[in-house]
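Quick notes on the structure that follows.
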Number of protein chains: 2
Amino acid sequence: MSSRPPVFDGLDRKIITALTANARSSFAEIGAAIGLSATAVKRRVDRLREAGVITGFTATVKPSALGWRTEAYVEVYCDGAAPPRRLAEVVRNHPEISAAMTVTGGADALLHVRATDVEHFEEVLERIRTEPFIRKTISYMVLSHLLPESPEAGASQPAPKDTPGHAPDMR
Amino acid sequence: MSSRPPVFDGLDRKIITALTANARSSFAEIGAAIGLSATAVKRRVDRLREAGVITGFTATVKPSALGWRTEAYVEVYCDGAAPPRRLAEVVRNHPEISAAMTVTGGADALLHVRATDVEHFEEVLERIRTEPFIRKTISYMVLSHLLPESPEAGASQPAPKDTPGHAPDMR
DNA sequence: AATGAAATATTCAAAGC
DNA sequence: GCTTTGAATATTTCATT
């Protein structure tokens with residue numbers, strides 16, 4: 001439980017906003033925008049990282065440019081009571097799963113899956129269904145995005161397997 | 001149609017990986033790691049941005065630290081044929097919607113919603129249901145994550161409304 | 001906590017290979 | 001297209017208020 005008291009103030013919030021908009025802005029730039037010296041900005045950023053508010057800095061990549069052109073949400077149903085800990089292990093076995101969570105509703109878990117194409121996605125799905133206590137899956141393929149895609153660390157996922165026939169040529 | 005030929009090579013891919021891991025690494029640092037001069041790295045990064053492969057650099061933030069402690073996926077069902085363009089407008093009216101897409105399956109769209117708490121989430125849901133042609137919604141609350149949360153630009157969303165009673169004190 | 005100043009690094013554009 | 005060079009900026013540490 002318990003929201004410890006927030007460890008940041010309005011200036012920190014502005015810094016977070018600035019860094020979220022552009023993680024490569026200089027401290028001097030940010031400082032100029034919010035009325036603080038570069039030194040002061042750096043100290044606050046260090047503190048925010050220390051406190052776990054800012055967890056990192058990442059480049060955002062267009063997944064399709066990296067060869068990930070197929071995206072789906074997959075509901076997972078398990079045999080018996082699904083222990084979240086075991087589920088987490090299963091999920092980590094499949095690099096195409098980019099997000100996974102337990103949810104309310106009928107399903108035991110919801111997965112976000114990225115694949116190079118539909119053929120690859122089918123292969124992933126078969127692999128997941130093979131796992132010990134997975135009973136069934138229901139997939140919802142993403143057709144189009146209604147908002148600019150929220151930043152996803154496209155390249156923190158492994159490169160699409162270059163199994164011929166599956167992966168686009170990355171040269 | 002058509003995947004234009006990939007606009008990057010193996011060195012570019014390594015650069016993308018490095019920047020995804022830490023968007024604030026210096027070009028010199030990256031160059032040292034992959035055997036290129038800082039200048040060469042910068043040129044490639046500029047080209048990758050130009051080409052739309054790298055879309056930006058962002059700080060990753062722990063949503064709960066910013067006061068977003070409630071998360072859900074919401075299936076949306078519309079009256080008649082839902083024109084994606086109209087749906088996109090609706091979605092933009094609600095800052096709590098952090099991702100939205102059309103999907104296969106029964107629903108017309110799937111939304112990812114972040115709220116400060118369950119009370120706030122209910123308010124968002126009521127607001128969405130009020131929109132002209134939304135017929136019904138089905139929500140799946142996120143209980144726990146099975147993978148480390150993929151970077152989300154927590155602060156690109158507006159600050160949680162500081163309506164007393166809804167938003168945590170950000171001081 | 002914020003500031004200012006000095007030492008060290010980084011970025012960026014020009015020129016040559 | 002990569003490297004080197006050098007000038008302009010940015011970062012970081014430390015002393016000061």
Side-chain angles (χ1 to χ4, degrees), chain A residues 4-62 65-67 151 153 155 159 168-171, chain B residues 4-62 65-67 151 153 155 159 168-171:
Chain A
R4 35 185 139 17
V7 288
F8 60 97
D9 64 11
L11 286 171
D12 289 320
R13 178 171 274 285
K14 285 183 187 167
I15 291 172
I16 291 169
T17 302
L19 283 173
T20 301
N22 178 11
R24 288 182 77 88
S25 349
S26 72
F27 297 134
E29 239 174 311
I30 298 171
I34 68 177
L36 234 48
S37 69
T39 309
V41 173
K42 181 197 186 309
R43 242 214 328 282
R44 282 168 178 264
V45 172
D46 288 345
R47 191 154 28 82
L48 288 167
R49 300 204 59 173
E50 181 76 28
V53 176
I54 294 176
T55 56
F57 302 99
T58 189
T60 60
V61 171
K62 198 171 63 183
L66 286 176
D169 180 358
M170 296 294 177
R171 216 181 316 162
Chain B
R4 37 187 138 15
V7 289
F8 59 97
D9 64 11
L11 284 171
D12 289 321
R13 179 170 273 286
K14 285 184 189 167
I15 291 172
I16 291 169
T17 302
L19 283 173
T20 302
N22 178 12
R24 286 183 76 88
S25 347
S26 70
F27 297 136
E29 239 175 311
I30 297 171
I34 69 176
L36 234 48
S37 71
T39 307
V41 173
K42 180 197 186 307
R43 241 212 329 282
R44 282 168 178 264
V45 171
D46 288 344
R47 191 156 27 82
L48 288 167
R49 300 204 59 173
E50 182 77 27
V53 176
I54 294 176
T55 55
F57 302 99
T58 189
T60 59
V61 171
K62 199 172 61 183
L66 286 176
D169 180 358
M170 295 294 175
R171 219 179 317 160

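Values reported hereafter were calculated over all heavy atoms of this structure, with side chains retained and with hydrogens, waters and symmetry mates removed. Quick note on labels: first sequence line is chain A, next is B, and so on, each numbered from 1.
Put simply, the side chain of A:R24 reaches to within 4.5 Å of the side chain of B:L19, judged on heavy atoms. At least one side-chain heavy atom of B:L66 sits under 4.5 Å from a side-chain heavy atom of A:R13.
Within the structure, every pair that satisfies the salt bridge (charged side-chain N to carboxylate O under 4.0 Å, His left out) test and touches residues 31-42 of chain B, not counting sequence neighbours, is listed here: B:K42-B:D46.
Straight-line distance from the CG atom of A:L36 to the C1' atom of C:dG4: 14 Å, rounded to whole Å. Summarising the geometry, the separation between CD1 on A:I34 and P on C:dT3 is reported as 10 Å, rounded to the nearest angstrom. The nearest whole Å value for the distance from the CZ atom in A:F27 to the P atom in D:dT9 is 19 Å. Taking atom CG of residue A:L11 and atom P of nucleotide C:dA1, one finds them 11 Å apart after rounding to whole Å. Rounded to an integer number of Å, the gap from A:R24 CZ to D:dT9 P is 18 Å. The CD1 atom of A:I30 sits 12 Å away from the P atom of D:dA10 (whole-angstrom rounding). The distance between atom CG of A:L19 and atom P of D:dA10, rounded to the nearest whole Å, is 15 Å.
A:D9 and A:D12 get closest at one heavy-atom pair: OD1-N, 2.9 Å. Contact record, B:S25 with B:A18: OG-O, 4.0 Å, taken as the closest heavy-atom pair. Among all heavy-atom pairs drawn from B:I34 and B:L11, the shortest one is O-CD2, 3.9 Å.
Heavy-atom distances under 4.0 Å link DNA chain D to A:T39, A:K42 of residues 37-48 of chain A, given in residue order.
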